[in-house]
Amino acid sequence: MRSISLIAASLFACAAMPAQAQTFGPPIQGLCLLSRAGAIAASRAGQSMQAQLKQMQGSLNGDLAQRRAALDQQRRQLEARQSAIAPIEYQRQLTALNQQAQTLEQQQNARFIAAQ
């Protein structure tokens, strides 16, 4: 039942949409092709969703950029203190910073995928 209403809605949307200039041959009587991505992108809801997605990506990128900058600053401070601390301690702290940076990259990828 739900798929029938979805098909009917698709057909109504197809009939209401203006014809596109791009064709792949002569039209076939009684056949309507619908691009879901095109229909969503052309709708107000789709445009609103794209705007919200861009806004979310911007805020996520800003947040993650701040965290990445903080990690870079910590790495520079550690490198400046390298001669003052034991090599094993330096390696341990450097490994911890690298793991934090890797976790940050994974979070960024996961958030981007979830947002899409």
(message) Would you compute the distance between atom CD of Q99 and atom CD of Q102 and round it to the nearest 0.5 angstrom?
(response) 7.5 Å
(message) Membership question, hydrophobic clusters at under 4.5 Å side-chain separation (ILVMFWY): are L53 and L64 in the same one?
(response) no
(request) Determine whether Q93 and I85 make a side-chain contact, defined as any pair of heavy atoms from C-beta on separated by less than 4.5 Å. (result) yes
(request) Enter the distance from Q91:CD to L78:CG here, rounded to the nearest 0.5 Å. (result) 9.0 Å
List the atom pairs, donor and acceptor, that lie under 3.5 Å between side-chain atoms in residues 70-77 and the rest of the protein, sequence neighbours left out.
from: R75; atom 1: NH2; to: N98; atom 2: OD1; distance (Å): 2.5

(request) Check side chain to side chain contact (heavy atoms under 4.5 Å, CB included) between E105 and all other residues, then give those that pass, not counting sequence neighbours. (result) R68, Q108
(message) Filter on salt bridge (charged side-chain N to carboxylate O under 4.0 Å, His left out), then keep only pairs touching residues 81-92, sequence neighbours left out; what's left?
(response) E89-R92
(request) Take atom CD of E79 as the centre, draw a 6.0 Å sphere, and report whether it contains more than 12 heavy atoms from other residues, nucleotides or ligands. (result) yes
(request) Sequence neighbours left out, what pairs pass salt bridge (charged side-chain N to carboxylate O under 4.0 Å, His left out) with at least one residue falling in residues 45-67? (result) D63-R111
